[in-house]
Amino acid sequence: MTTPVPVCVEAVLESQIQEVRVEGDGQDIQEVYAPQLSMSENLAKLANKIDFYKDECEEKGKPTSEGEKESEEEKATTFQPSLWPWDSVRNKLKASLTEMNQVSQPAPDPKTALQLASKKQALTTSANILMSSAERLKKSQAEGTSKHNDFHIELLKLRQNWRLKKVGNTILGDLSYKTAGSRFWQGGTFEVLKTTTNTSTEPEGSATKGGLEVVIPNDLRGVAYIQVEVKSVPEKMDLTSAIMRLPSELGTVHTGTYWQQKLQAAQNVLFCKEIFSQLAREAVQTNSSVPHLVVGNQIITNVFPGIQLSIILCHSTGKDKNKRPPPAPPKLDHNHVLEHSLHQLLRELHYKNIHYPPPHPVTAMIGVSKKRRMAGPLAMSRQDLLEMADNESLLEQVIKQTKHHVLRQKTMGVLDRYAVTLSDPQLANHWNCVNSSLESSCRVLITSQGYDLRLWHSFMVHIYVDKIKLITREGRVLILSYEEKELEDFILWQISQHQISVSQNLSRLMGWHMLNTTGALGVSDLESSATASALVMASPNHNKALAIKSGPSTGTKVFIQSCPKENKSRIVTKDEKWSFVGCEFQEVDMNKFEGRNFPSKLETLMAVLTRTAT
């Protein structure tokens with residue numbers, strides 16, 4: 001007999017092919033193999049092939065006849081067969097499988113190189129698709145956009161300037177100022193549509209509509225502007241008129257207008273309506289000594305007695321094409337400052353609605369200003385707290401700026417009128433270029449031609465909302481009201497003071513002696529305003545005396561006093577300055593003297609009297 005030879009039977013260590021990759025032009029083929037199974041994984045794979053719930057031995061050992069059944073029953077009563085010989089193996093394999101299923105298998109090592117290669121290939125494919133699409137878009141744009149505007153290009157331009165959103169298949173835009181802080185109830189939604197007509201068929205020179213159209217709401221169509229008029233009620237004279245964004249002509253915006261002009265006109269209508277709505281609401285709610293009147297699209301209020309402020313909302317939709325709009329009222333001057341204030345005041349209101357002062361500390365309430373936080377440490381009074389809590393409305397600010405503008409116009413008119421009409425002396429007005437909407441200042445110089453080096457007079461004019469503050473050369477401060485007559489009287493009084501000041505300087509230069517000077521003369525005729533000033537001076541030899549009287553309404557007069565020789569012999573004292581006692585003054589007609597102004601004539605008179613005395 002031959003001896004048995006042990007044979008070891010093992011599975012072939014060959015990996016299964018998981019994926020076949022083709023790279024390049026199909027010349028390079030690469031196979032990706034699945035990783036080898038471990039011993040536990042192989043055992044689990046083989047165990048899965050065994051059906052532990054099916055017993056083939058029981059089927060093979062079944063009896064086929066009744067006799068066999070009886071014999072089997074007798075054997076069963078006499079002998080108990082043993083269990084299935086593979087029962088122990090089955091139980092152990094089942095327990096092992098249960099343990100293996102409960103233990104988590106470690107994740108396979110990620111193959112980063114393989115992942116990077118696959119991602120690189122995917123990115124390369126995507127880049128090629130995008131580049132080819134871009135080339136096709138460039139070609140189509142070069143061929144088509146030269147003839148007519150593209151809808152998508154126009155839509156891109158529209159998105160750069162206006163807010164758009166897509167609701168379903170509709171593109172909607174917003175014209176309102178809500179993102180800037182506006183709380184106006186009216187919305188400004190418009191719709192964007194694609195034009196159906198081809199613009200390439202339009203004749204040359206016609207206005208292009210672009211590749212899209214915008215649909216504006218009916219209440220925002222047309223042209224609107226706000227007109228502010230300040231006029232005198234008795235004379236019906238327009239003092240000033242400021243127009244905000246006044247178009248060249250009234251009417252509607254044509255359907256063929258470019259979409260940018262349509263949107264700008266509609267937004268201007270919305271802005272004007274918001275301004276007028278805010279002013280009308282404040283006019284009704286404000287408790288004023290003089291009530292404000294709101295009638296239709298017009299707000300009327302009194303600025304000063306006899307001067308009325310009217311704010312009018314003009315909106316033309318162009319529905320009545322046959323009816324011509326009324327002509328605009330004549331304007332004396334277009335005030336750009338008042339026009340800009342209407343924009344600026346509403347912009348500031350929008351800014352305050354969304355910008356609050358930061359809390360300090362961070363846990364404090366939002367909206368409390370720094371001045372209000374320091375009210376406790378600074379021990380502010382109740383009056384200070386009430387003034388801090390009061391916020392000026394938009395209408396009150398407009399009225400204040402209008403009052404200041406009217407008062408400044410009146411002041412400029414008075415100063416310019418005296419600067420033109422007066423030749424002796426001369427007035428020069430120097431307005432400060434750095435002014436505000438509620439305060440301005442001016443420096444007035446009073447000079448005499450030929451004597452303006454040292455012989456000049458000046459005063460400052462500060463114009464506020466409803467008063468004028470004057471500061472003289474000596475530092476005196478006077479507060480005037482809005483009446484023009486008070487300013488006129490002050491100017492005439494300063495002119496009279498200038499004539500006396502010039503006379504004093506000439507007397508010093510020519511060696512004359514001043515005997516007396518006064519700023520409030522109590523004799524002679526009364527002046528209609530202020531008081532007259534006087535100066536008495538004597539010649540160097542004390543044989544002549546001059547008395548100069550200057551008043552705001554009576555003007556400047558010169559009197560001369562000379563004593564005959566007979567009176568000199570009667571005087572007991574030898575001093576010549578007493579020789580004028582008892583002599584009368586005689587008025588001198590200064591118009592007969594040669595000279596361009598009063599100082600030159602006075603200088604000639606003093607020179608003649610000095611020469612005759614010698």
Do [X] and [Y] come close enough that some side-chain heavy atom pair is under 4.5 Å?
X: Thr411; Y: Cys442; value: no
X: His315; Y: Lys273; value: yes
X: Ile299; Y: Phe276; value: yes
X: Pro425; Y: Asn597; value: no
X: Lys403; Y: Tyr482; value: no
X: Val230; Y: Gln409; value: no
X: Gln186; Y: Leu220; value: yes
X: Phe190; Y: Leu164; value: yes

As a quick check of understanding, evaluate side-chain contact (heavy atoms from CB on, under 4.5 Å) for Leu158 and Leu263, giving each step before the final call.
CA-CA 10 Å; Leu158 184 64; Leu263 295 178; 3.6 Å; yes

Looking only at side chains, do [X] and [Y] share a donor and an acceptor under 3.5 Å apart?
X: Ser448; Y: His498; answer: yes
X: Gln494; Y: Thr472; answer: no
X: Gln278; Y: Glu274; answer: no
X: Thr517; Y: Gln504; answer: yes
X: Thr604; Y: Glu594; answer: no

What orientation do Phe490 and Trp493 show, parallel under 30°, tilted 30 to 60°, or perpendicular over 60°?
tilted

Please say whether the positively charged group of Lys410, taken as NZ for Lys or CZ for Arg, lies over the ring of Phe304, i.e. under 6.0 angstrom from the six-membered ring centre and within 45 degrees of the axis.
yes

Are Phe271 and Tyr177 an aromatic pair by the rule of ring centers under 6.0 Å?
yes

Hey, could you give me the [atom1]/[atom2] distance between [X] and [Y], rounded to the nearest 0.5 Å?
X: Ile300; Y: Glu229; atom1: CD1; atom2: CD; answer: 10.0 Å
X: Ser441; Y: Ile468; atom1: OG; atom2: CD1; answer: 12.5 Å
X: Glu396; Y: Thr301; atom1: CD; atom2: OG1; answer: 10.5 Å
X: Met537; Y: Leu515; atom1: CE; atom2: CG; answer: 9.5 Å
X: Ile548; Y: Ile560; atom1: CD1; atom2: CD1; answer: 11.0 Å
X: His292; Y: Leu309; atom1: NE2; atom2: CG; answer: 9.5 Å

Would you please test His404 and Ser437 for side-chain contact (heavy atoms from CB on, under 4.5 Å) and show each step?
CA-CA 7 Å; His404 171 73; Ser437 58; 5.9 Å; no

Given side-chain contact (heavy atoms from CB on, under 4.5 Å), test Gln267 with Trp162 step by step and report yes or no.
CA-CA 11 Å; Gln267 192 176 44; Trp162 306 93; 3.4 Å; yes

Check whether more than 12 heavy atoms from other residues, nucleotides or ligands sit under 6.0 Å from atom CZ of Arg417, and answer yes or no.
yes

Count the heavy atoms of every other residue, nucleotide or ligand shown that sit under 6.0 Å from CZ of Arg163, and state whether that count exceeds 12.
yes

Please find the pair of heavy atoms, one from [X] and one from [Y], that lie closest to each other, and give the distance.
X: Leu535; Y: Ser503; answer: CD2-CB, 3.7 Å
X: Ser533; Y: Ile500; answer: CB-CG1, 3.7 Å
X: Ser393; Y: Thr286; answer: OG-OG1, 4.3 Å
X: Leu270; Y: Leu175; answer: CD2-O, 3.8 Å
X: Met590; Y: Lys601; answer: O-CD, 3.2 Å
X: Pro599; Y: Leu506; answer: O-CD1, 3.6 Å

Expected output: side-chain [X] to main-chain [Y] donor-acceptor under 3.5 Å:
X: Asn435; Y: Ser440; answer: no
X: Gln426; Y: Gln449; answer: no
X: Asn268; Y: Val223; answer: no
X: Arg408; Y: Ile463; answer: no

Give the intermediate values and the outcome of side-chain contact (heavy atoms from CB on, under 4.5 Å) for residues Thr179 and Asp174.
CA-CA 10 Å; Thr179 57; Asp174 190 11; 5.8 Å; no

For the side chain to side chain contact (heavy atoms under 4.5 Å, CB included) test, which of Arg281, Lys400, Gln285, Glu282 pairs with Leu395?
Glu282

